[in-house]
Amino acid sequence: MRVLGIETSCDETAASVVAEEGVLSDVVHTQTVHAEWGGVVPELAARAHLEKLGPTVQAALAEAGIARPEAVAATAGPGLIGAVLVGLSFAKALAAGWDVPFIGVNHLEAHMLAPLLETPAPTFPFLALVVSGGHTALYRCEGLGRYEVLGQTVDDAAGEAYDKVARMLGLGWPGGPVVDALAASGDPTAVRLPRPLPNQGHGAYDLSFSGLKTAVRQALAREPRPSDADVCASFQAAAVDCLIDRLERAAKDTGIRRVAVTGGVAANSELRARLAAGRLEAFIPPRKRCTDNAAMVANVGRRYLLAGRRDAFDLAARPSWSPA
Amino acid sequence: MKLVAIDTSGPVIGVALWCDGDVRVRTERVARGAEARLVPWIQELCAEMGVALPALDGLAVGVGPGAFTGVRVGMATAAGLAMSLDRPLWGCDSLSPRGARVGPRSLVLLDARKGRVYAAAFDGTMTHPPADVTADVAVRWLAAPFLATGEGALVYADIVRAAGGTLADDADDPAVDALARLGAAALGRGQGKPPNEVVPTYIRGFS
């Protein structure tokens with residue numbers, strides 16, 4: 001079954017065709033309009049989605065070499081509601097016009113199962129850490145649609161912390177790639193930063209990045225001020241330590257050693273290197289499948305469709321939708 | 001000529017199916033959830049009138065000005081149908097059909113929040129194109145007496161009446177029947193476009 005996937009939940013306008021033989025096309029248009037505002041502006045995102053979605057879908061179909069898919073899947077949430085609505089409305093209309101099944105997909109579930117598109121793919125059960133600018137959560141995945149939230153951030157998402165540190169340093173937006181790049185030339189031990197521990201009034205696998213962000217601000221106020229590279233390296237080391245710590249604790253407690261790490265922050269070089277060198281069996285998609293894309297949406301939609309599920313055209317957007 | 005017309009720029013959203021001069025509509029006042037209504041309504045209307053979607057000659061859609069998110073839901077739906085059916089799409093400002101519904105001389109006001117309206121005036125032709133103004137300004141565009149329609153005419157009814165205007169019946173009607181009639185004529189003249197070329201009219205920037 002060749003499934004067209006559509007993703008518009010934040011600032012990527014994406015379309016992809018996924019079939020039995022794999023990903024036939026994977027088109028992503030990243031909106032650049034937000035950089036001057038220092039973050040994603042929801043109204044601008046929605047405007048850009050409406051402008052780019054048609055050409056993006058046409059490109060995905062052309063690249064896949066098909067005129068029409070056998071089903072359409074689209075992100076129905078969670079995400080920026082105005083942004084989700086563009087892709088969801090467009091997708092339902094496409095499916096109605098083509099007279100093919102439609103299914104709404106949970107964006108976080110799409111990230112969680114993105115490693116299933118790769119070779120080797122993890123087998124169930126596995127742990128999934130979804131870590132991005134909008135979400136940071138650790139899930140236990142027992143099978144399609146069978147997930148448990150083990151822990152999540154109690155304040156900022158990890159990617160949000162990267163963005164805020166970048167803003168403090170005047171490095172622009174998005175902060176993840178630039179902090180990651182600067183960290184490569186810094187000393188990760190130069191600035192002492194906290195590693196907030198679990199079990200301090202929260203769940204055993206919960207995370208917190210707010211205190212770390214504040215510690216960075218305080219470090220920048222000290223004299224002599226540490227170099228930007230040292231700040232980035234020290235912050236990155238602390239953030240990645242926290243993520244790895246929760247993963248390792250959860251793996252130990254559950255006995256599940258297969259871990260999928262996805263979401264925009266999974267493109268981070270330090271996190272990837274630490275996972276590659278660590279004791280867990282890590283499954284990290286290539287960078288372009290860590291950030292928002294539509295192949296992951298088509299992947300999940302296709303799995304549900306093959307299992308016999310489809311959604312009616314009265315499906316509404318779900319801006320807050322837990323996959324568990 | 002068979003076409004579907006969609007307008008979701010105001011709080012009352014609507015869909016019409018035009019079939020060789022016959023028209024049927026669905027409308028509803030919705031706070032949110034337009035995306036859950038449109039495709040089911042279109043399918044219901046098609047079933048009622050015995051029209052299969054591939055038999056459509058095209059679509060018409062209100063491109064605003066109006067509620068930003070609402071306009072996009074309608075446009076994304078219309079564009080998705082136009083692309084999958086490979087039919088032309090005609091985009092129309094959301095005020096003209098509302099004016100056409102009540103007659104050749106009318107003032108159309110859509111509530112733009114923040115004490116303002118998206119307004120246009122018609123006296124045979126469009127004398128004032130859609131603009132983001134206060135109701136006080138818009139009511140001076142036509143000499144009294146005039147007919148006022150659109151959700152904004154209800155919101156600013158006192159200002160309309162003080163200026164010698166009269167509220168049209170069912171002033172919040174999204175006028176999708178009129179949009180369908182205008183759309184049938186436009187598509188007949190070959191004015192439909194590929195869906196990617198039909199763009200929204202926001203008038204107002206974001207904030």
Side-chain angles (χ1 to χ4, degrees), chain A residues 4 6 8 13 15 33-34 37 40-61 67-69 71-72 74 76-77 80-100 102 104 311-319, chain B residues 4 6 8 13 15 28 30-46 52-56 58-59 61 63-64 67-87 89 91 193-202 204-207:
Chain A
L4 170 69
I6 289 177
T8 63
T13 310
V33 65
H34 307 287
W37 300 93
V40 177
V41 180
E43 174 62 21
L44 284 182
R47 289 185 179 195
H49 285 309
L50 184 64
E51 183 188 334
K52 295 294 181 189
L53 188 51
T56 302
V57 166
Q58 286 171 328
L61 293 173
R68 63 163 68 188
V72 180
L80 302 172
I81 178 72
V84 168
L85 282 171
V86 174
L88 179 63
S89 300
F90 194 80
K92 287 197 287 187
L94 285 176
W98 282 319
D99 194 20
V100 298
F102 163 79
D311 284 322
F313 288 125
D314 65 356
L315 183 78
R318 299 176 67 178
Chain B
V4 161
I6 300 171
T8 49
I13 62 170
V15 165
E28 187 180 338
V30 296
R32 62 179 69 83
E35 80 279 12
R37 306 288 202 287
L38 301 183
V39 172
W41 279 353
I42 291 166
Q43 291 182 320
E44 286 169 26
L45 290 171
C46 283
L53 277 176
L56 293 179
L59 295 105
V61 67
V63 299
F68 296 162
T69 298
V71 166
R72 280 189 290 267
V73 168
M75 289 192 69
T77 302
L81 282 167
M83 182 181 292
S84 53
L85 295 169
D86 194 20
R87 293 291 185 276
L89 176 61
K193 293 179 179 178
N196 293 347
E197 294 176 21
V198 179
V199 298
T201 301
Y202 295 113
R204 183 182 288 179
F206 72 96
S207 57

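Numbers restart at 1 for each chain; the letters A, B, ... are given by sequence-line order, proteins then strands. Only heavy atoms go into these numbers, but all of them, side chains included; no hydrogens, no water, no symmetry mates.
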- [ ] Measure A:V72 against the heavy atoms of chain B and call it side chain, backbone, both or neither at under 4.5 Å.
- [x] neither
TODO: Side chain from CB out, backbone as N, CA, C, O: work out which of these in B:T69 comes under 4.5 Å of a heavy atom of chain A, or both, or neither.
DONE: side chain
Task: Whether A:R68 side chain and A:A95 backbone form a donor-acceptor pair below 3.5 Å - done: no
Open item on the list: With a 4.5 Å cut-off on side-chain heavy atoms, are B:C46 and B:L53 touching?
Closed with: yes
Open item on the list: Keeping A:H49 on the side-chain end and A:T8 on the backbone end, is there a donor-acceptor pair under 3.5 Å?
Closed with: yes
Open item on the list: Given heavy-atom pairs under 4.5 angstrom as the criterion, report whether the side chain, backbone, both or neither of B:V73 touches chain A.
Closed with: both
Task: Rounded distance (nearest 0.5 Å) linking atom CD1 of A:I81 with atom CZ of A:R318 - done: 11.5 Å
- [ ] Measure distances from B:P200 to the heavy atoms of chain A and classify the residue's part below 4.5 Å as side chain, backbone, both or neither.
- [x] side chain
- [ ] Select one option (side chain, backbone, both, neither) describing which atoms of B:R72 are under 4.5 Å from chain A's heavy atoms.
- [x] both
Open item on the list: Does any backbone or side-chain atom of B:L81 lie under 4.5 Å from a heavy atom of chain A? Answer side chain, backbone, both or neither.
Closed with: both
Task: Between A:R47, A:E51, A:K92, the one whose heavy-atom pairs under 4.5 Å with chain B are most numerous - done: A:R47
- [ ] With a 4.5 angstrom heavy-atom cut-off, could you sort out which part of A:L315 is near chain B: side chain, backbone, both or neither?
- [x] backbone
- [ ] Examine distances only and state if a side-chain atom of B:E35 and a backbone atom of A:A317 form a donor-acceptor pair shorter than 3.5 Å.
- [x] yes
- [ ] Might you confirm whether atom CG of B:D86 has over 12 heavy atoms from other residues, nucleotides or ligands at distances under 6.0 Å?
- [x] no
